[in-house]
4 protein chains.
Amino acid sequence: MTDMTEALPISTGRRGGPPRSEEARLAILRATARLFLERGFGHLSIEGIAAEAGVGKQTIYRWWPGKSDLVAEALIEGFLMPEHFAPSFTGTLRDDLASWMRIVLDFVDDPGHDEMLRSLLAAGTTNPAIGERIRERLGADGDLVHRLEKGVTDGELPPTAPISSIIELLVGAIVLRVFAPSNRDDGEAERLVDVVLGTHTARGQ
Amino acid sequence: MTDMTEALPISTGRRGGPPRSEEARLAILRATARLFLERGFGHLSIEGIAAEAGVGKQTIYRWWPGKSDLVAEALIEGFLMPEHFAPSFTGTLRDDLASWMRIVLDFVDDPGHDEMLRSLLAAGTTNPAIGERIRERLGADGDLVHRLEKGVTDGELPPTAPISSIIELLVGAIVLRVFAPSNRDDGEAERLVDVVLGTHTARGQ
Amino acid sequence: MTDMTEALPISTGRRGGPPRSEEARLAILRATARLFLERGFGHLSIEGIAAEAGVGKQTIYRWWPGKSDLVAEALIEGFLMPEHFAPSFTGTLRDDLASWMRIVLDFVDDPGHDEMLRSLLAAGTTNPAIGERIRERLGADGDLVHRLEKGVTDGELPPTAPISSIIELLVGAIVLRVFAPSNRDDGEAERLVDVVLGTHTARGQ
Amino acid sequence: MTDMTEALPISTGRRGGPPRSEEARLAILRATARLFLERGFGHLSIEGIAAEAGVGKQTIYRWWPGKSDLVAEALIEGFLMPEHFAPSFTGTLRDDLASWMRIVLDFVDDPGHDEMLRSLLAAGTTNPAIGERIRERLGADGDLVHRLEKGVTDGELPPTAPISSIIELLVGAIVLRVFAPSNRDDGEAERLVDVVLGTHTARGQ
DNA sequence: GTGTAACCGAGACGGTACGTCTAGTCTTGTA
DNA sequence: TACAAGACTAGACGTACCGTCTCGGTTACAC
């Protein structure tokens, strides 16, 4: 049917028909973000997104399997929680980590973010990509690892320190705080960091 | 909350008519548990529960505000996750905590529990009572505190140790593991405990 | 489950729950009629009927299998084509039949009825009840038979006259006229009647 | 319709580009016929036809206004109901007509044809061309007229006989039979013919 | 030859409606 | 009054098609 002798565009996605509309894609993600922030994941509906975006429902179903995938992509594209938290490399390990933790906890404890974060968690129970994206936004996958590794080379942490476990504990404490809000006093960020670094005994707590 | 004085003939909380049917209540909770475990929180419906329990929908709406409350009560009554995890008091703090953590992590990592736990998390994002109940089941509210306090009196932990923060970190790591499964190698339980106790440097990790 | 020893309310339709709402039923049929007349059978939608009637879609699907059944019932209830055509018994058979036919043909040929009648035919291809109802409205099932039988007793028709075939031919000609409009000159009604009565040769056509 | 004057350089029907693909046209009509016979007019879809024919939807919309037109053309091309019924000219008018009617009624009463004929009727309520085509297939436009005219010249019918009305009645009875199936006994064909020819009294009915 | 115009298959688009499912409320009859 | 049953309005679900538009590619005629 088609000429086999020429260059053969190896594995081109083109299969006939017009290309996917980027305009529609962005309108959908924007609508998703807007409604998610406004009403939460539980009251998010494909129907509502389609209407808000001025798009047919099929255009959504054509490209996304379900609403949690929409949320995941909106998150990736930065329509949801554009913040990115990274520890600084300017002070001691303990101080850099503590100030990072303080910023994250301030964000998480902000009542204005509560609904959104709980909704994100709800969406995440369905879609692993959302969990990954949240970790990434918290800096847990890159910057945090780097900072801790620098702590090792700087001699602030023993070479045997289980870096990923430390991160797991810190991120876990953050997520738990969204899931089941606990004590919110001012020193909590430092306290958590001190526990995982073993520096609390040295301090006058 | 209702009627503390008994036997008051006039204007009591008792308002005439038959008392609440315990039979119906239990049938509803049992049906909730069965459908929750079978299909997950996302596919749980009041309609389905009523049908499964052989009960009118109104009987459910009369006593519970929403489905997450049903799940919370089913959890409390032990129809869901009857397990209760408590650390032992028989060895060193580090060992008691590590074996507790190992048992919890084994439970959490069991693929057969994954759906249920994620569903529980999803339900928890809506209803704080569920989060509290999960903490309680993990022993985080009582036994764990006691074990750590004993660690202080035993001199295994300094008096200044921030017990609640330590628990926050451990429980957080557990919840995070449900939310976003990470590395599942065998030493993780010990490693996490060692980090929060500051005992990891002493060990040959 | 239920006590089999007592009176047993033999086959009572009542199975608990409120009785069917007559109000909703009539609102639905009225809406069906209105939209049918306005837009025709092809553009009739359950969704539109529900909206027009101020009713949930499920209430329609609960009681009617499809839209042609709605149309059939609207027809039965007289919301559609309330006219009823019956031949008179006052003149000769030929004259009574001819004037009946003239009235029917005038109705059928009225451009204002064309859409409705074609739509009725379309609905009838799906649902036999509609065809029956149309025959009934044309008087084909009762009055016409009676008039022809009177023709036999009056000696205007031989006792062997195949009455039902005569009616079949007349009704067929009417239906065909809706389906595929043909010549509409003034004498057609008489001509058709004369043919089936064998009276045309006697006339100066 | 196209190009009346030849050789006109400007504003000819030909406007450049390849001629219409006969292959595509036939594939479409064949697919239309297949799906029409398989699923009926109500479940016929342009989308389905395009897929079945291996053709783009636009190729259909380019040449046909709607699906009833596709059905009409499929009917014309003989993909649907290829039968053609014509009365013979070999016996008396009454016998030729009766045997024609018997054949037509056998065809119409065949349960295997019922769905198709009702679908054809449904399509016909939308598109007059279909009605015309059905008449033509029944022989109602040509052969039947000729046979009746021969009956006049043979003296079997008076010169005043309203031939088109007779045909109207016969065809009407046939169509009515599809629309609302009635008695199907064996003598019906003869009886109908006898009524319109006025020959029934002469017979021992 | 090289445009230009219309053809073709493919399929994305904004929509409408489908028939199903569930939410939460209301209305029966029975105990 | 609680209960089982179930009808009610409301509206989201995911699917099927509608008719239009847009690709990339392919003919045919006109220059």
Side-chain angles (χ1 to χ4, degrees), chain A residues 1-3 9 12 14-21 23-24 43-48 50-51 53-63 65-67, chain B residues 14-21 23-24 43-48 50-51 53-63 65-67, chain C residues 2 9 12 14-21 23-24 43-48 50-51 53-63 65-67, chain D residues 9-10 12 14-21 23-24 43-51 53-63 65-67:
Chain A
M1 196 62 76
T2 50
D3 188 354
T12 308
R14 292 301 278 114
R15 42 320 130 276
R20 177 172 180 185
S21 161
E23 196 186 345
H43 297 94
L44 194 63
S45 72
I46 300 278
E47 206 120 280
V55 133
K57 286 202 290 173
Q58 200 55 44
T59 301
I60 298 180
Y61 285 110
R62 188 154 29 229
W63 302 109
K67 38 186 164 175
Chain B
R14 293 295 279 108
R15 43 291 151 271
R20 178 174 182 184
S21 159
E23 195 188 347
H43 296 94
L44 195 63
S45 71
I46 301 277
E47 199 116 298
V55 132
K57 287 202 290 173
Q58 196 61 330
T59 301
I60 298 181
Y61 284 111
R62 193 159 20 232
W63 303 109
K67 36 184 168 178
Chain C
T2 50
T12 308
R14 291 303 279 115
R15 44 310 149 257
R20 176 173 182 183
S21 159
E23 196 186 345
H43 295 95
L44 194 63
S45 73
I46 300 279
E47 206 119 271
V55 133
K57 287 202 290 172
Q58 200 54 41
T59 300
I60 298 180
Y61 284 110
R62 188 158 26 234
W63 303 109
K67 40 184 164 177
Chain D
I10 295 168
T12 328
R14 286 302 280 118
R15 49 294 163 260
R20 176 174 183 184
S21 160
E23 194 188 346
H43 296 95
L44 195 62
S45 73
I46 301 280
E47 205 119 60
I49 293 168
V55 133
K57 287 202 290 173
Q58 197 62 282
T59 301
I60 297 180
Y61 284 110
R62 188 153 30 227
W63 303 110
K67 47 184 159 174

Practice task
Whole angstrom is fine here: how far is it from OH in C/Y61 over to C1' in E/dT22?
Solution key: 16 Å
Fill in the blank from the handout: Hits for salt bridge (Lys or Arg N to Asp or Glu O under 4.0 Å) against C/K57, two or more places apart or cross-chain, chain-then-number order -> C/E47
Exercise for the section: Using five base pairs at each end, measure the axis-to-axis angle across the helix from E/dG1-F/dC31 to E/dA31-F/dT1 and round it to 10 degrees. Expected result: 10°
Handout entry: Integer-rounded Å distance: E/dG15 P and A/I46 CD1
Key = 17 Å
Completion exercise
When every non-hydrogen atom of C/G56 is compared with those of C/A50, the smallest separation belongs to C-CB, 4.4 Å
Completion exercise
From CD1 of D/I60 across to P of E/dC7 the rounded distance in Å is 15 Å
Problem - Contact under 4.0 Å: B/K67 side-chain N or O vs E/dA23 OP1/OP2 - result: yes
Problem - From A/Q58 atom CD to A/I46 atom CD1, the distance as rounded to the nearest 0.5 Å - result: 11.0 Å
Can you give me the N/O atom pairs linking the protein to nucleotides 9-13 of chain E at distances under 3.5 Å, or say none if there are none?
unit_1: E/dG9; atom_1: OP2; unit_2: D/G56; atom_2: N; d: 3.2
unit_1: E/dG9; atom_1: OP2; unit_2: D/T59; atom_2: OG1; d: 2.6
unit_1: E/dA10; atom_1: O3'; unit_2: A/R15; atom_2: O; d: 3.0
unit_1: E/dA10; atom_1: N3; unit_2: A/G17; atom_2: N; d: 3.1
unit_1: E/dG11; atom_1: OP1; unit_2: A/R15; atom_2: O; d: 3.4
unit_1: E/dC13; atom_1: OP1; unit_2: A/S21; atom_2: N; d: 3.0
unit_1: E/dC13; atom_1: OP2; unit_2: A/R62; atom_2: NE; d: 3.3
unit_1: E/dC13; atom_1: OP2; unit_2: A/W63; atom_2: NE1; d: 2.7

Practice task
Return the 5'-most residue of the pair C/S45, B/L44 with respect to DNA chain E, ranking by each residue's nearest nucleotide.
Solution key: C/S45
Problem - DNA chain F: 5'-proximal contact among A/P65 and D/H43 (nearest heavy atom) - result: A/P65
